[in-house]
Amino acid sequence: MSTDAVHPRVLGYLGRALSLELTAVQQYMTQASLVGLWGDEASAERFREETVEEMQHAERIVQHMLQLGVAPAASQLQPVTHAPDLLGLLEHNADLEQQLVDHYTEAARFCAVINDESNGAFFQALLEDEQHHSRDLEAWLQQLGGRRRRGYALYGANSAARRDPRSRATF
Ligand SMILES: [Fe+2]
Ligand SMILES: [Fe+2]
């Protein structure tokens, strides 16, 4: 398929998808190192696995863009979000995964509107992966005491680890 057969908005969705996936790579890679510094090797390993999954998504997008004859050009990576503990990191990740879900939902919907089945299926497959990530993340958050709705104070009961100096390594 040549570029001129692809709707410009679809190319825009692909570019933003690449930016979001690379943002996730940067975020989860950083978190793997950060929680490693906190001594939480189990979570570090989990973040490393997520980093690889997001990298594979980025690769799929790059391959897809090349097949369409488009040069990948991600821009505006979001800075890594900061939190003082694992729960806070995961909540930022839930927000990022939600951005991905919203983005792929909108992209797939637009492809349906313009009858672009091929690109629609591409976005739909990524949407299902991100929905899966979101569910896993929600389960992990619940294991840690549920998703915080308002501020850190609600989780005061879980704050003992936060007073551990090793848990303060941050950026
Ligand atoms: Fe992803
Ligand atoms: Fe994801």
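Read the numbers this way: they start at 1 and go in the same order the structure lists the ligands and their atoms. As the structure is a computational prediction, the values presented were derived from the model and not from experiment.
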Could you check whether the rings of Trp140 and Phe47 sit parallel, tilted or perpendicular, using 30° and 60° as the cut-offs?
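Trp140 and Phe47: tilted rings.
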
Could you tell me which N, O or S atom of [X] is nearest to the Fe ion (ligand 2)?
{"X": "Glu130", "result": "OE1"}
{"X": "Glu54", "result": "OE2"}
{"X": "His133", "result": "ND1"}

Would Arg60 and Asp129 pass as an ion pair if we require N to O under 4.0 Å?
yes

Any carboxylate oxygen within less than 4.0 angstrom of a Lys/Arg side-chain nitrogen, looking at Arg135 and Glu97?
no

Is the shortest side-chain heavy-atom distance between Thr105 and Phe123 below 4.5 Å?
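They are not in contact (no side-chain heavy atoms under 4.5 Å apart), so the answer is no.
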
Verify the distance test for Glu50 against the Fe ion (ligand 2): any N/O/S atom under 2.8 Å, yes or no.
no

Working to the nearest 0.5 angstrom, can you tell me the gap between Leu127 CG and Arg109 CZ?
9.5 Å

In Å and rounded to the nearest 0.5 Å, what is the CG to CG distance from Leu141 to Leu90?
5.0 Å

For the Fe ion (ligand 1), find the closest N/O/S atom belonging to Glu21 and write down its atom name.
OE1

His57: which N/O/S atom is nearest the Fe ion (ligand 1)?
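So the atom name we want here is ND1.
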
Hey, is there an N, O or S on Glu53 sitting under 2.8 Å from the Fe ion (ligand 1)?
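Checking Glu53: none of its N, O or S atoms is under 2.8 Å.
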
